[in-house]
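Here the structure comes first, spelled out in structure tokens, and everything after it is commentary.
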2 protein chains.
Amino acid sequence: MANIHDIAKRAGVSVSTVSRVLNNHPYVSESKRAAVQRVIDEMDYTPNRVAVDLIRKETRRIGVIMPYNNNQAFDQLLHGVLNRSVELDYTVMVLPTKYDPEKELACLKMLKNKQLDGIIITSRSNAWKAITPYAKYGTIIACEYTDHPEIGCAYIDRYASYLETFQLLKDKGHSRVAFTTARGEESNSTQLTIRAYQQVFGALPPEYQIRDCYSIDDGMHAAKQLLHLDRRPTAIYANGDEVATGIYHYAAQLKLEVPEDLAIIGQENQPVGIGLQLSTVDHQLVKVGEQAFDLAIEKSMEKVEIPYRIIKRPSI
Amino acid sequence: MANIHDIAKRAGVSVSTVSRVLNNHPYVSESKRAAVQRVIDEMDYTPNRVAVDLIRKETRRIGVIMPYNNNQAFDQLLHGVLNRSVELDYTVMVLPTKYDPEKELACLKMLKNKQLDGIIITSRSNAWKAITPYAKYGTIIACEYTDHPEIGCAYIDRYASYLETFQLLKDKGHSRVAFTTARGEESNSTQLTIRAYQQVFGALPPEYQIRDCYSIDDGMHAAKQLLHLDRRPTAIYANGDEVATGIYHYAAQLKLEVPEDLAIIGQENQPVGIGLQLSTVDHQLVKVGEQAFDLAIEKSMEKVEIPYRIIKRPSI
DNA sequence: TTGAAAGCGCTAACAC
DNA sequence: GTGTTAGCGCTTTCAA
């Protein structure tokens, strides 16, 4: 394939002149510019992006660390990132980790070896202490709040969100409230959920927390465990609308009325919950993704909070 | 940041020796290897990947053209690609196009400018004629069948799938069968669905085809249009399980029994359909994605068919 | 306004 | 086994 030298030779100019027309630099005579452009078109020449990246020391490419891609929440985040990347002519790399700390670090290393200008961490398994050292090689943006000055954040005040949701349930007269989570205590979200619960309701009966919930099926299993308890919960706060949907279906099988016998509220305002009229806490993850991207390309270490909103529908 | 010359100097060897230990080449004395390794560790050195890519003329990176990322089908495909990429230590770039032909071509161009070794097209808006010229710059794999010898394919025999599904419905006694599609006639899938319908049932009453269906909500709207027709369909073949779910809900609102009053069958075997016991045609898109990836890195132009399977549940 | 030349950081052919 | 050196394809001083 033709390179910049071939173009220069055929156009009868130097490579610097070709480079100048390639990058729209001023101080190129119209005649030479036209001649170069003609040869470029003739030869169907495209500059090698890798060579450009090498010399410019930037790639206009950012990575998104995502434990899973087939998950509503991460998908929304990615969607936000992609939205902005297309507008700003950046390119994005998906970095699946399955919460493997080694893999996570390997992804961060792509900053160090110059493959990526920045990385957005949608969720992580490593401690910040292991992550921050990579900030000197490129921008690191988190989709959660952290004090670390070298990390930019596009975050939701999850604690406030959980608190308000539990309080809402309490205000509606519920005292037996259960909830589901994705991961266990190793997860920041889970910890905050538990703390918010305790703040509102006091001690958490262990049987009121069900882990490893991601899908509708998981929601059904969770409901199976919860709805046969002696002290059956009258409300369940699900960690997603799919899970909430599963709970709804299992409750229906038991002929329990929603919300009379069981109040249900989910998270993320997914299409799946709309038909069932499920209440939900929308953490606006698409916006979080967009904001995270913007911070990444601005190399900003700001902490930007994205507001959440509780969407009340008949299920509570 | 340190480069290979710094390492060489500090270790008292030449850059080639450093390069050799970096790439685990034989013919390096143990003593030098150890010395080099020590300096590498001391200086916390990582080779610049861009420079390596430039000289090796490959990136071990492949792109996935996806009209949308927040869509069940494309998400499964991407999931398959990601599965294999992690195993084989490749990296993947998501290329959203929203079916914009210009953008699609711009993505293909990343082959030409050496950013990508290969591209997987999950769905396209350009004609093959516009796409194939890019095959000389890198591997192009399609997730649909095409004759073009320069394109590898990981595909489902969609025509057979649609045919079998319509035939199944006919065998169950249905003669008034409607269906939903995503895009209109510009889409290959839509065309095949129509042809299969005509093959089984003859002329297609225009009101039996509803387009632009993606979500549960779209399914509800489709059902609204279909279930009030004078000649109300007794079966609906939805283009996805979310859409099928919307149809189910709307039918429930009308107090129609499934499958007695209305048979419903969806596609892609999504979690959302399992709770509702919806029948579905599983096109095994995760496998398609995995296969597409394998073809991409083998630079293969084979045409590999992935079998579909009809999953019969109580909804038909 | 233009061109020569010095890199960017690395690999690999070649010579020793 | 090891080092020298010529690139990979481009951008950007610097001098003319």
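In what follows, chains carry the letters A, B, and so on, assigned in the order in which the sequence lines appear, proteins first and then strands, with residues in each chain numbered from 1.
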Give one of base, sugar-phosphate or nothing for B/Val13, where a contact means two heavy atoms less than 4.0 Å apart.
sugar-phosphate

If you compare all heavy atoms of A/Ile140 against all heavy atoms of A/Ala135, which two are closest, and at what distance to 0.1 Å?
CD1-N, 3.6 Å

Test log, rule salt bridge (charged side-chain N to carboxylate O under 4.0 Å, His left out), inputs B/Asp294 and B/Arg84
CA-CA 7 Å; B/Asp294 288 343; B/Arg84 300 292 289 142; 2.9 Å; yes

By the salt bridge (charged side-chain N to carboxylate O under 4.0 Å, His left out) test, which pairs, at least two apart or in different chains, include something from residues 120-145 of chain A?
A/Arg124-A/Glu144

May I ask you to say what B/Lys114 touches in the nucleic acid, namely base, sugar-phosphate or nothing, with a heavy-atom cut-off under 4.0 Å?
nothing

Nearest 0.5 Å please: distance from the CD atom of A/Glu290 over to the CD atom of A/Gln284.
10.0 Å

Roughly what angle, to 10°, lies between the helix axis at the start of the helix from C/dT1-D/dA16 to C/dC16-D/dG1 and the one at its end, five pairs per end?
40°

If only side-chain N and O atoms of A/Ser14 are considered, is one of them under 4.0 Å from the OP1 or OP2 phosphate oxygen of C/dT2?
no

Does the protein touch nucleotides 8-16 of chain D at the base, only the backbone, or not at all? Give it as B, S and - per nucleotide, heavy atoms under 4.0 Å.
BBBBBB---

Testing the 3.5 Å rule here: is there a donor-acceptor pair between the side chains of B/Asn113 and A/Thr46?
no

Does the side chain of A/Ser123 pick up a donor-acceptor pair with the side chain of A/Tyr99 at under 3.5 Å?
yes

Expressed in angstrom and rounded to an integer, what is the separation of B/Glu58 atom CD from C/dT11 atom P?
12 Å

Under the criterion salt bridge (charged side-chain N to carboxylate O under 4.0 Å, His left out), I'd like the reasoning laid out for B/Asp44 against A/Lys112: C-alpha separation, chi angles, the key distance, then a yes or no.
CA-CA 10 Å; B/Asp44 191 27; A/Lys112 190 174 173 190; 2.7 Å; yes

Figure out the CG/P separation between B/Asn24 and C/dT11, and round it to whole Å.
12 Å

Between the side chains of B/Glu87 and B/Asn83, is a donor N or O closer than 3.5 angstrom to an acceptor N or O?
no

